[in-house]
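What follows is a short report on a single structure.
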Amino acid sequence: MKWNNRILATEDFIDDTKDAGEVGAGHSVTVLYELVLEDSKMEIPETELKYQINEQTNMVDELLTVNIRYKKPGKDKSILISEPVGINQLADTRTDNLAFASAVAEFGLLLKDSEYKGDATFYKVLSQLEGTNYKQDEYRAEFYQLVKMAKDIY
């Protein structure tokens, strides 16, 4: 069983008949991606993507491109928004919200004993949470206690 039920083949991204999940008007989602550096030993499937060419490019400061497709209400054809992200858009520190979301994702990978967990540990999740001001929010504080309990169980 896959840990992600929204996996979409690369070629299906432009196919408006494929379902990749919906976000309703007025709602938002948080998406976390793992960026794989070009010298990584990670196995990457063959595909024709913008940054996988082996020739010199002028994209020195460009790190990645975010592509989002959306449909207007009642329409069948999607519209593509494509935004490059450059080095100058990186922040020196991450926000508490991003640190918390990362900790939650890492915790989920640990609970499922996911092949994608890398070197994640319950101690690292707790350390990430301790770097935030989780005590200011009762739900985040409860999550911290849950991670501590899981660490003791596992």
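As a basis for the values below, the full set of heavy atoms in this structure was taken, side chains included, without hydrogen atoms, waters or symmetry mates. Note that the structure is a prediction, hence the values are computed from the model and not measured. We're numbering straight along the sequence, starting at 1.
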- Test side chain to side chain contact (heavy atoms under 4.5 Å, CB included) applied to Asn67 and Ile81, step by step: CA-CA 6 Å; Asn67 292 317; Ile81 297 175; over 6 Å; no
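Ala150 and Phe122 get closest at one heavy-atom pair: CB-CE2, 3.9 Å.
Of the possible donor and acceptor atoms, none in the side chain of Ser127 sits under 3.5 Å from a partner among the backbone N and O of Tyr123. Gln89 contributes a side-chain N or O that, together with a main-chain N or O of Gly86, makes up a donor-acceptor pair within less than 3.5 Å. Not one N or O on the side chain of Asp96 forms a donor-acceptor pair closer than 3.5 Å with the backbone of Thr132. Of the possible donor and acceptor atoms, one in the side chain of Asp137 sits under 3.5 Å from a partner among the backbone N and O of Arg140.
In this structure, the separation between OG1 on Thr65 and CD on Glu83 is 9.0 Å, given to the nearest 0.5 Å. Residue Leu109 holds its CG atom at 10.5 Å from CD of Glu115, rounded to the nearest 0.5 Å. Going from atom CG of Asn88 over to atom CD of Glu62 covers 10.5 Å, rounded to the nearest 0.5 Å. Taking OG1 from Thr121 and CG from Leu110, the interatomic distance works out to 7.0 Å, rounded to the nearest 0.5 Å. Taken to the nearest 0.5 Å, the CD1 atom of Ile68 stands 13.0 Å off from the CD1 atom of Ile79. Going from atom OH of Tyr144 over to atom CD of Gln128 covers 12.5 Å, rounded to the nearest 0.5 Å.
The hydrophobic clustering, which links ILVMFWY residues whose side-chain heavy atoms are closer than 4.5 Å, places Leu32 and Tyr116 apart. Linking Ile, Leu, Val, Met, Phe, Trp and Tyr whenever their side-chain heavy atoms come within less than 4.5 Å puts Val66 and Leu90 in one cluster. Under the 4.5 Å side-chain heavy-atom criterion for Ile, Leu, Val, Met, Phe, Trp and Tyr, Ile153 and Phe143 are members of the same hydrophobic cluster. By the criterion of side-chain heavy atoms lying less than 4.5 angstrom apart, applied directly or through intervening Ile, Leu, Val, Met, Phe, Trp or Tyr residues, Val147 is grouped together with Tyr154 in one hydrophobic cluster. Hydrophobic clustering of Ile, Leu, Val, Met, Phe, Trp and Tyr side chains at less than 4.5 Å, counting indirect connections, unites Val125 with Leu111.
Ionic pairing of Asp152 and Lys148 is not present here: no N-O contact between side-chain nitrogen and carboxylate oxygen is shorter than 4.0 angstrom. A salt bridge links Asp119 with Lys124; the closest basic N to acidic carboxylate O contact falls under 4.0 Å.
Using a 4.5 Å cut-off on side-chain heavy atoms (C-beta onward), Asp16 and Asp76 make no contact.
In summary, the aromatic rings of Tyr134 and Phe100 are positioned with their centroids too far apart to meet the 6.0 Å limit.
More than 12 heavy-atom neighbours from other residues, nucleotides or ligands sit within 6.0 angstrom of CG on Leu146. In Lys71, the NZ atom is crowded: over 12 heavy atoms of neighbouring residues, nucleotides or ligands sit closer than 6.0 Å. In Glu142, the CD atom is not crowded: 12 or fewer heavy atoms of neighbouring residues, nucleotides or ligands sit closer than 6.0 Å.
No side-chain N or O of Asn97 forms a donor-acceptor pair with one of Thr95 less than 3.5 Å apart.
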